[in-house]
There are 2 protein chains.
Amino acid sequence: MDDTPANKKTIIMPPPRRSRRKSGGITLRDVAALAGVAPITASRALNTPSAVSEPILQRVRQAVEQTGYVPNMLAGGLASSKSRLVAAVVPTISGNVFLEVVQSLTASLAAYGYQLMLGQSGYENSREDELLEAIIGRRPDGVVLTGIMHSATGRQRLLASGIPVVETWDLTDNPIDMLIGFSHEEVGQAVARYLHGRGKRRVATLGADDQRARRRMQAFSDTAIALGMAHPGETAVAGQRVPAPTNVGLGRAGLRELLARHPDIDALFCSSDTVALGVLTEAQAQGVQVPRQLAVVGMGDLGFARDLYPALTTVRIDGARIGATAARFIVERSQGSRMREGVVDIGFSIVEREST
Amino acid sequence: MDDTPANKKTIIMPPPRRSRRKSGGITLRDVAALAGVAPITASRALNTPSAVSEPILQRVRQAVEQTGYVPNMLAGGLASSKSRLVAAVVPTISGNVFLEVVQSLTASLAAYGYQLMLGQSGYENSREDELLEAIIGRRPDGVVLTGIMHSATGRQRLLASGIPVVETWDLTDNPIDMLIGFSHEEVGQAVARYLHGRGKRRVATLGADDQRARRRMQAFSDTAIALGMAHPGETAVAGQRVPAPTNVGLGRAGLRELLARHPDIDALFCSSDTVALGVLTEAQAQGVQVPRQLAVVGMGDLGFARDLYPALTTVRIDGARIGATAARFIVERSQGSRMREGVVDIGFSIVEREST
DNA sequence: GTGAAAGCGCTAACAT
DNA sequence: ATGTTAGCGCTTTCAC
């Protein structure tokens, strides 16, 4: 088949190093040579098999097998301006709130043949610009942001880069590009109305000191006041702020403080299920009856919410759908579909369980 | 400075599109032209500033500022064989066990100027080979694996790729490359001895049906039997398996089953804190006193363990240290240090709290 | 259906 | 300290 003397059963092609810069790996060139075709033909056999004749396809595939060739996506991406990489930015991965999104994003992208690059911005937005530069430098085929990008320079850079962007977990009239989220104001209002309907009249909030949580709490408070659920004679709803990201301990401490200041509250809206778990735990430790004395509502419907005792009433956000939809939007966009309609309010639902 | 007519106050260099393939973005070439130097000099100004004179440094930096240039790391990586990308593979990100590692890995890498690519293999290892191919294709500067790579083809591919590998969360005499982990057998033994010391005599296990959890449970059982903690007349320790990844509901159901079959157990070793939370919850729901009637030990020392009621005794694994050490190993390796000693047993500790 | 040529944007190697 | 040259490994473009 070829004229080299040593071709009896060569499993691995020892790449003849001709220049000092070659990294030593097996390249498409080697595969093509082994298959007896031009590199571009080998490339077609791998990327657009339908454009190549059956016999050549076979030979190329066999050559790939024999050599253990793995395409260099850096080179491919550079040549084609398609990296098949998608970057995701979350405030933090611990805290569990964004886990479902990241999980489903990773899985959905993998199904399309894309990979996920993960970045954590922190809640402070300080590292966000820096992170953005690192992301854009990789020329990903898309960027998924948690929350709206508020920094003007960040918007600018993203816009200038031309990379498809999906903002998530919030709504805005002025998205950078695509948007998949829900209204935090509506969540707060809905929970207030729900608790009002359950007969609660002295409500309080316990929430993380981050932007979106504050907006939920504010809307909750406004609605509660409008419905006459604030403390008599007070113009504000009792509330306790804890630093983000939340954890169980902050929930326990938060409830202690809140009860010390307002022993008579009868319902509590927490900014996350994790905080709510802390509240349930502290309530149990103090002998506070839930829901009899105190109704508790969480946020997020994390995996454990349904299995607590009492089972936690919470606001369900379909993180899996956010992730899957974001993946689809980006893949479609990167594969040609120009400017599809990319704004979705995925809404939320209150999952009523035993804690109210 | 140059001879084009329109150079009064140009903020953005409109890239003169000379070929139809140019992606339209600003390149190092544009920056160099604006600064009046050769591309390689601009490259040096950005990557090794100490190798460039002060005035040129200034001009290049200004040109970067003016143009909004963001280096193309695909091109840089291709040219230098340094991608500044590190891939991490975890069974799943939900389940929280590996969160701390991923979190600290992301943060540590970012501090070094590296990014993390995240892949989920599932517990079945079915997608692992496929995932590995996608990873190797990106030519990352390192791969962090959760657990030991058992698939022979996987080992082969990784070895052949020459990419630095860190296996974590386990120990082996035969690592692919570097290793940061602890002994699951020792964990099981230590917990059995600990419970024996607390006077427990009828112990049981409740664990995920994954390889490492099974080994912890097995070692626990063997030690328990040796110490005379199995049920009288039985040769095995009572145990209940649940599918991985674990969750709170599985913990609750697991305890129900276990108590139905062995109502007299006095201590339970769980394969994760999440399962243990389910056990505590179910115990509370059934009125089983913890630790009086039943001592409970978790695994992982997740964030919430210390804040449960009763606070959970558990096995602490320093995930943050695993992540930070893995990041350091890989960065050092990729920056030259040849073959440093890269095997670390980070051990574990039993954190004694109220649940025992 | 297959191939030759010409880059993608950057940096290693070798000057000067 | 700065520049010239020649790729990195792949794909686009244009021919055949």
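Throughout, protein chains are lettered first and strands after them, A, B, ... in sequence-line order, and every chain is numbered starting at 1.
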Without placing hydrogens or testing angles, list every side-chain donor-acceptor pair under 3.5 Å for residues 33-42 of chain A, not counting sequence neighbours.
none

Donor-acceptor pairs under 3.5 Å, side chain of residues 156-165 of chain B to any protein atom, not counting sequence neighbours: which ones?
| from | atom 1 | to | atom 2 | distance (Å) |
| --- | --- | --- | --- | --- |
| R157(B) | NH2 | E133(B) | OE1 | 2.7 |
| S161(B) | OG | L158(B) | O | 2.6 |
| S161(B) | OG | I163(B) | N | 3.2 |

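Residues passing the side-chain hydrogen bond (donor to acceptor under 3.5 Å, both in side chains) test with T153(B) are D129(B), S151(B), sequence neighbours excluded. Residues passing the ring-ring contact (aromatic ring centres under 6.0 Å, His included) test with Y114(A): none are found, sequence neighbours excluded. The side-chain hydrogen bond (donor to acceptor under 3.5 Å, both in side chains) search around Q115(A) returns R138(B), not counting sequence neighbours.
Within the structure, side-chain hydrogen bond (donor to acceptor under 3.5 Å, both in side chains) contacts touching residues 42-52 of chain A (residues at least two apart or in different chains) are S43(A)-N47(A). Within the structure, no pair that satisfies the salt bridge (charged side-chain N to carboxylate O under 4.0 Å, His left out) test touches residues 74-85 of chain B, not counting sequence neighbours.
Note: CG (N72(B)) to P (dC10(D)) measures 17 Å, nearest angstrom. Following rounding to the nearest Å, R84(B) (CZ) and dT11(C) (P) show an atom-to-atom distance of 11 Å. Going from atom CZ of R29(B) over to atom P of dT4(D) covers 12 Å, rounded to whole Å. Atoms CD (E54(B)) and P (dT2(D)) sit 11 Å apart, rounded to a whole Å. Between the C1' atom of dG9(C) and the NZ atom of K82(B) lies a distance of 18 Å, rounded to the nearest Å. Nucleotide dG9(D) holds its P atom 17 Å from the CZ atom of R138(B), rounded to whole Å. Atoms CD1 (I40(B)) and C1' (dA13(C)) sit 10 Å apart, rounded to a whole Å. Distance L78(B) CG to dG7(D) C1': 9 Å, rounded to the nearest Å.
I56(A) comes within 4.0 angstrom of the backbone, heavy atoms only, and of no base.
A sub-4.0 Å separation between OP1 or OP2 of dC8(D) and a side-chain N or O of S80(B) is absent.
With respect to R328(A) and E332(A), a salt bridge is recorded, a charged nitrogen being found less than 4.0 Å from a carboxylate O. Of the charged side-chain nitrogens involved, at least one lies within less than 4.0 Å of a carboxylate oxygen, so that R333(A) and D177(A) count as a salt-bridged pair.
Using five terminal pairs a side, the axes of the helix from dG1(C)-dC16(D) to dT16(C)-dA1(D) at its two ends make an angle of 30°, given in steps of 10 degrees.
Only S43(B), R44(B), N47(B), listed by number, bring a heavy atom of residues 41-52 of chain B to less than 4.0 angstrom from any atom of DNA chain C.
Of the candidates dT11(D), dC10(C), dG3(D), dT11(D) carries the atom nearest the A79(A) side chain, counting heavy atoms from C-beta on.
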